[in-house]
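Here's the structure, in structure tokens; my notes come after.
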Amino acid sequence: MTSTSFRALLRMAVLPLVAATVVSLSAPTAASSGRDDQAADIVATAPAGQPLEVVVTSRGSDGVLRVTTTLVKTKTMALELILQALHLSSTIGAEMNTSVSIDSSTYNDSLRSQQWALTALKAETVQKTSKGSGVTVAVLDTGVQASHVDLSGSVLAGTDVISPGTSATDENGHGTAVAGIIAATYNNKKGIAGLAPQVKILPVRILDANGSGTSADVAKGILYAASNGARVINLSLGSTVHTTAMEAAVAEAIKKNVLVVAAGGNRGCDATGSSPTEYPASYAGVVGVGAVDKSLKKASFSSCGSWVDLSAPGASVITTMMRNSVGLGCGATSDYCTLNGTSFATPYVAAAAALAIAKRGWSQTTVANKLLTSATDLSTPGKDKTTGAGFLNPVKLVAK
């Protein structure tokens with residue numbers, strides 16, 4: 001059904017229902033007609049083959065930002081809900097829920113014997129100044145395996161947004177990999193070391209066992225993390241679809257002095273040096289991260305765009321892994337795995353930010369700015385669409 005036919009249906013079926021509760025709708029007006037068209041256009045964006053779920057982002061009289069989701073059976077019901085929401089002054093946005101997924105590229109299936117990334121980042125040097133003690137980094141992902149030998153004692157309880165009331169245990173492996181890059185135990189003669197090994201990880205499960213989720217759950221996860229002690233939020237995920245819910249949640253987190261770091265995307269660059277816009281990396285205030293390989297060149301899979309603020313190791317990165325991981329090519333008995341993707345560049349930036357916050361006590365705005373000004377330029381002078389401001393430089397960042 002086209003958006004035009006939805007508009008006709010809306011005028012026949014939905015308007016009388018809403019008019020009973022909203023006085024101004026007793027007769028069609030230019031404003032109500034515009035809202036009808038807006039509602040129809042919103043419903044027309046519903047992804048084919050997926051459940052119909054309406055997302056309403058609002059701010060009540062108490063000043064609290066809320067993201068609510070309602071699963072409906074028909075597009076007519078979705079139209080009704082959206083139109084009702086659009087008539088409320090508290091509504092910031094109404095939209096159909098969309099899909100997001102982990103930002104990972106093709107995975108390697110062999111383990112490496114060393115962490116080239118930590119060598120390039122001069123981890124041992126910066127850790128003489130800061131190890132991130134006292135800072136909480138929220139990992140919004142597939143959950144985290146808190147019992148992993150290299151993460152034991154570093155993972156807080158967190159929450160499961162997908163199945164409220166249950167633990168944030170990883171059912172995929174992606175979130176455990178991200179957490180290890182940030183906070184794996186150092187100097188314990190086992191496995192790997194994280195860049196910020198004394199931070200606490202707040203796991204927020206917003207992606208399922210297949211690494212998929214929704215924009216509404218991402219937004220809810222951001223709001224949870226920002227209200228539960230996180231100073232840094234790591235989003236190793238992305239979508240090419242903008243949603244009001246995610247954008248508003250990001251803005252709310254920043255308002256609460258929380259740094260948001262997001263994957264820049266694994267869509268490569270076309271002949272013009274461009275890629276589809278990546279969300280939430282492109283939202284205002286978010287630090288978007290691209291990936292480089294061992295030669296410090298842009299990784300072939302890393303996206304190009306104005307939202308790429310800086311780059312970090314994202315190719316052949318060895319990190320923690322849960323056994324029986326799903327779709328990562330790591331093997332059923334692997335505790336560690338070598339992976340590729342901006343998903344794994346992003347936590348290096350989140351970890352470096354935690355080191356700086358722990359040492360300097362900087363605000364979100366200051367850390368975001370200094371991450372860029374301390375970066376080592378990799379190509380043309382200044383910020384560009386491929387590697388941003390340059391390669392992450394934790395030593396210079398913490399020393400600034």
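Quick note: residue numbers are just sequence positions, from 1.
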From [atom1] ([X]) to [atom2] ([Y]), nearest 0.5 Å:
| X | Y | atom1 | atom2 | value |
| --- | --- | --- | --- | --- |
| Glu247 | Tyr283 | CD | OH | 5.5 Å |
| Phe391 | Leu310 | CZ | CG | 9.5 Å |
| Lys131 | Leu195 | NZ | CG | 11.5 Å |
| Leu140 | Ile222 | CG | CD1 | 6.5 Å |
| Ile233 | Lys256 | CD1 | NZ | 10.0 Å |
| Met321 | Ser334 | CE | OG | 8.0 Å |

Quiz item: More than 12 foreign heavy atoms under 6.0 Å from NZ of Lys297: is that the case here?
Solution: no

Practice problem: Evaluate whether atom NZ of Lys385 has more than 12 neighbouring non-hydrogen atoms of other residues, nucleotides or ligands under 6.0 angstrom away. | Solution: yes

Quiz item: Who are the side-chain hydrogen bond (donor to acceptor under 3.5 Å, both in side chains) partners of Asp170, not counting sequence neighbours?
Solution: Thr142, Thr176

Practice problem: Only counting residues at least two apart or in another chain, list the ones meeting side-chain hydrogen bond (donor to acceptor under 3.5 Å, both in side chains) with Asp309. | Solution: none

Closest non-hydrogen atom pair, [X] against [Y]:
| X | Y | value |
| --- | --- | --- |
| Val144 | Gly175 | CG2-O, 3.8 Å |
| Ala39 | Leu83 | CB-N, 4.4 Å |
| Val178 | Ser343 | CG2-O, 4.0 Å |
| Gly180 | Ile192 | O-CD1, 4.0 Å |
| Ser133 | Gln198 | CB-OE1, 3.5 Å |
| Ala219 | Ala249 | O-CB, 3.6 Å |

Can a donor-acceptor pair be found between the side chains of [X] and [Y] at a distance below 3.5 Å?
| X | Y | answer |
| --- | --- | --- |
| Thr376 | Asn393 | yes |
| Thr166 | Ser163 | no |
| Asn97 | Thr69 | no |
| Thr74 | Thr76 | no |
| Ser215 | Thr98 | yes |
| Asn172 | Asn210 | no |
| Asp384 | Thr386 | yes |
| Asn234 | Ser236 | yes |

Quiz item: Would Tyr348 and Leu118 satisfy side chain to side chain contact (heavy atoms under 4.5 Å, CB included), going step by step from the backbone distance to the final call?
Solution: CA-CA 9 Å; Tyr348 283 116; Leu118 289 190; 4.1 Å; yes

Treating [X] as the side-chain partner and [Y] as the backbone partner, does any N or O pair qualify as donor plus acceptor under 3.5 Å?
| X | Y | answer |
| --- | --- | --- |
| Lys200 | Gly153 | yes |
| Thr136 | Arg231 | no |
| Trp307 | Val287 | no |
| Glu95 | Thr244 | yes |
| Thr338 | Ile318 | no |
| Thr159 | Val161 | no |
| Ser302 | Ala299 | no |

Are [Y] and [X] connected into the same hydrophobic cluster when the rule is that any two of I, L, V, M, F, W, Y join if their side-chain heavy atoms are below 4.5 Å apart?
| X | Y | result |
| --- | --- | --- |
| Val250 | Leu223 | no |
| Val135 | Ile181 | yes |
| Tyr224 | Leu65 | no |
| Ile357 | Val395 | yes |
| Val289 | Val126 | yes |

What I'd like to find out is whether the side chain of [X] reaches to under 4.5 Å of the side chain of [Y], using heavy atoms alone.
| X | Y | value |
| --- | --- | --- |
| Val204 | Val139 | no |
| Val367 | Val232 | no |
| Ser212 | Leu207 | no |
| Ser379 | Lys298 | no |
| Val292 | Thr387 | yes |
| Leu86 | Gln38 | yes |
| Met96 | Val55 | no |
| Val199 | Ile182 | yes |

Practice problem: Report the C-alpha separation of Ser90 and Arg59 in whole Å, then their side-chain angles, then the decisive distance to 0.1 Å, and conclude whether the side chain to side chain contact (heavy atoms under 4.5 Å, CB included) test is met. | Solution: CA-CA 5 Å; Ser90 60; Arg59 192 181 297 277; 6.0 Å; no

Quiz prompt | Candidates Thr277, Thr214, Val100 - the one meeting side chain to side chain contact (heavy atoms under 4.5 Å, CB included) with Ser239 | solution = Val100

Quiz item: Can you tell which of Thr342, Asp141, Ile206 makes a side chain to side chain contact (heavy atoms under 4.5 Å, CB included) with Leu237?
Solution: Ile206

Quiz item: Of all residues at least two apart in sequence or in a different chain, which pass the ring pair (Phe, Tyr, Trp, His ring centres under 6.0 Å) check with Tyr186?
Solution: none

Practice problem: Please step through side chain to side chain contact (heavy atoms under 4.5 Å, CB included) for the pair Leu355 and Leu397, ending with a clear verdict. | Solution: CA-CA 9 Å; Leu355 295 177; Leu397 170 68; over 6 Å; no

Practice problem: Determine, stepwise, if the pair Leu202 / Val137 fulfils side chain to side chain contact (heavy atoms under 4.5 Å, CB included). | Solution: CA-CA 6 Å; Leu202 179 68; Val137 177; over 6 Å; no

Practice problem: Applying side chain to side chain donor-acceptor pair (under 3.5 Å) between Asp335 and each of Arg323, His148, Gln145, report the one that passes. | Solution: Arg323

Quiz item: Checking side-chain hydrogen bond (donor to acceptor under 3.5 Å, both in side chains) for the pair Thr365/Ser363: CA distance, chi angles, key distance, verdict?
Solution: CA-CA 5 Å; Thr365 301; Ser363 68; 4.7 Å; no

Quiz prompt | side-chain hydrogen bond (donor to acceptor under 3.5 Å, both in side chains) evaluation trace for Lys294 with Ser316 | solution = CA-CA 8 Å; Lys294 289 188 290 183; Ser316 299; 5.3 Å; no

